[in-house]
Number of protein chains: 2
Amino acid sequence: MSNQRSGEPDPRAAADGCCPRLLSSPPEEAEAVEYARVFKALGDPVRLRLLSMIASHNGGGEVCVCHLTPAFDVSQPTISHHLKLLREAGLIASERRGTWVYYRLLPETTDRLASILTRIPSGDTACNDGADSAPCTDHPAQT
Amino acid sequence: MSNQRSGEPDPRAAADGCCPRLLSSPPEEAEAVEYARVFKALGDPVRLRLLSMIASHNGGGEVCVCHLTPAFDVSQPTISHHLKLLREAGLIASERRGTWVYYRLLPETTDRLASILTRIPSGDTACNDGADSAPCTDHPAQT
DNA sequence: ACCTTGCATCGACGGATATCGATACAAGCC
DNA sequence: GGCTTGTATCGATATCCGTCGATGCAAGGT
């Protein structure tokens with residue numbers, strides 16, 4: 001799994017702006033796999049509510065697992081499993097303090113998702129591929 | 001990166017005001033199920049690339065399926081299946097014109113997702129629930 | 001009418017996933 | 001040391017999901 005910290009393995013101009021946006025240019029296969037893993041982690045109601053409870057608690061810091069578990073109808077191992085998936089997706093991080101484990105949001109990941117889902121406000125088509133929009137006059141091969 | 005523009009209709013200030021943001025207040029069960037369905041639709045590399053190709057083609061309008069299918073290593077029924085899931089998630093819409101079927105992005109859905117994934121810039125905790133952040137002194141019941 | 005082409009649907013199959021109970025591990029307390 | 005509590009891991013299982021080939025349907029061309 002790649003960490004979005006230092007070295008960006010995507011050749012598509014990571015730092016300077018143009019094209020890490022899903023809605024402007026199709027991602028590479030590896031990049032698509034990476035994003036899909038994060039979106040898949042959000043694709044479960046329990047995980048979505050877990051993430052939301054972690055992100056929205058009023059302290060601004062962390063949430064104890066002992067506050068998350070009793071809020072759901074599923075068992076404690078299931079909650080632990082979902083937290084693990086969210087952690088492996090880079091959405092949250094955990095820290096043990098004494099008996100209890102606290103989870104906190106990693107805002108870089110949600111910021112990144114929000115960014116790639118945001119449309120470029122006006123006509124910025126600098127990074128498009130060569131797909132045409134004419135009424136399909138050619139006959140591409142098909143499997 | 002924070003998106004502070006001048007005349008930009010900041011997606012943070014959504015029309016419905018306070019609380020449809022995932023990171024500020026936990027959603028209801030039904031709402032979580034609904035969002036999870038959309039995120040789950042994005043949780044596959046093929047679907048992610050399909051959506052991206054549809055959203056980013058330079059015409060600004062639609063993409064013929066005949067241009068999508070040969071861009072992948074999976075069979076035509078599989079592409080059709082993925083397009084159906086994206087359509088059922090409200091991310092794209094289709095229209096048949098003559099022999100060909102054209103798909104287009106439904107930007108309201110991606111806008112919505114970007115919106116609920118966006119943090120409120122400064123201390124706006126008006127919509128939080130009552131979760132405390134103290135070092136876990138109480139003993140909540142557990143299953 | 002017949003054939004061809006583009007796309008959707010069907011049925012099947014293998015792998016992934018959500019869930020559980022049981023259990024192991026970590027940390028504090030007696 | 002042993003007990004208790006909080007959390008993670010382990011197997012097992014039922015269901016879901018991605019993929020395929022076969023087939024059906026729509027539309028245009030001959």
Side-chain angles (χ1 to χ4, degrees), chain A residues 29 32-33 36-51 54 62-89 92-104 135-143, chain B residues 29 32-33 36-51 54 62-89 92-104 135-143:
Chain A
E29 243 291 326
V33 170
R37 189 205 321 278
V38 187
F39 280 124
K40 190 182 297 180
L42 296 175
D44 181 276
V46 174
R47 286 196 293 268
L48 217 46
R49 290 179 57 208
L50 278 172
L51 183 76
I54 294 171
E62 297 141 326
V63 180
C64 177
V65 177
C66 64
H67 281 103
L68 299 173
T69 305
F72 294 85
D73 286 335
V74 299
S75 68
Q76 176 267 322
T78 299
I79 295 293
S80 192
H81 168 68
H82 285 311
L83 289 173
K84 181 182 183 180
L85 289 188
L86 288 172
R87 184 157 31 89
E88 290 176 345
I92 57 177
S94 64
E95 182 192 355
R96 170 162 228 133
R97 274 206 304 279
T99 306
W100 299 286
V101 175
Y102 295 84
Y103 277 86
R104 71 175 194 277
C136 205
T137 53
D138 53 340
H139 291 229
Q142 184 168 319
T143 347
Chain B
E29 243 292 326
V33 170
R37 188 201 326 274
V38 188
F39 281 124
K40 191 182 298 182
L42 296 175
D44 182 275
V46 174
R47 288 197 292 270
L48 216 46
R49 291 180 57 207
L50 277 172
L51 183 77
I54 294 171
E62 299 142 325
V63 180
C64 176
V65 178
C66 65
H67 282 103
L68 299 174
T69 304
F72 295 85
D73 286 335
V74 299
S75 68
Q76 176 267 322
T78 299
I79 295 293
S80 193
H81 169 67
H82 286 311
L83 288 172
K84 181 181 183 179
L85 289 188
L86 289 172
R87 182 158 31 90
E88 290 176 344
I92 56 177
S94 64
E95 182 193 354
R96 168 164 230 132
R97 274 205 306 276
T99 306
W100 297 286
V101 176
Y102 295 83
Y103 278 85
R104 70 176 192 278
C136 202
T137 54
D138 53 339
H139 293 227
Q142 184 168 321
T143 343

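Reminder, nothing fancy here: chain letters follow the sequence lines and each chain counts from 1. From a predicted model like this one, the values you see are computed outputs, not experimental measurements.
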For a quick check of understanding: with a heavy-atom distance under 4.0 Å over all strands, which category does [X] fall into, base, sugar-phosphate or nothing?
X       : result
A:Leu85 : sugar-phosphate
A:Arg47 : sugar-phosphate
B:His82 : sugar-phosphate

> Cationic tip of A:Arg97 within the cone over A:Tyr102's six-membered ring, i.e. under 6.0 Å and within 45° of the normal?
Replying inline: yes

Interatomic distance where [atom1] belongs to [X] and [atom2] belongs to [N] [whole Å]:
X        : N      : atom1 : atom2 : value
B:Leu83  : D:dT19 : CG    : P     : 12 Å
B:Glu95  : D:dA26 : CD    : P     : 17 Å
A:Lys84  : D:dC10 : NZ    : P     : 7 Å
A:Glu88  : D:dA8  : CD    : C1'   : 12 Å
B:Leu68  : C:dC7  : CG    : C1'   : 12 Å
A:Gln76  : D:dT7  : CD    : C1'   : 6 Å
B:Tyr102 : D:dA26 : OH    : C1'   : 15 Å
B:Arg87  : C:dT9  : CZ    : P     : 6 Å

>> Is there a side chain to side chain contact (heavy atoms under 4.5 Å, CB included) between A:Val65 and A:Leu83? Walk through the geometry before answering.
In response: CA-CA 9 Å; A:Val65 177; A:Leu83 289 173; 4.1 Å; yes

Examine [N]: is either OP1 or OP2 under 4.0 Å from a nitrogen or oxygen in the side chain of [X]? Give yes or no.
X        : N      : value
B:Lys40  : D:dC17 : yes
A:Thr99  : C:dG28 : no
B:Arg96  : C:dA8  : no
B:Ser80  : C:dC7  : no
A:Tyr103 : D:dA8  : yes
A:Thr78  : C:dC20 : yes

>> Assess the residue pair B:Val38 and A:Leu42 against the criterion (side chain to side chain contact (heavy atoms under 4.5 Å, CB included)); give the C-alpha distance rounded to whole Å, side-chain angles, the decisive distance to 0.1 Å, and a yes or no.
In response: CA-CA 9 Å; B:Val38 188; A:Leu42 296 175; over 6 Å; no

> Which heavy atom of B:Cys66 sits nearest a heavy atom of B:Trp100, and at what distance?
Replying inline: SG-CD1, 4.0 Å

> A:Asp44 side chain: which of D:dA8, C:dA18, D:dT19 is closest?
Replying inline: C:dA18

>> Once rounded to the nearest 0.5 Å, what's the spacing between atom NZ of B:Lys40 and atom CZ of A:Arg47?
In response: 8.5 Å

>> If you assign B:His81 and A:Pro77 each to the DNA chain C nucleotide with the nearest heavy atom, which residue ends up on the more 5' nucleotide?
In response: B:His81

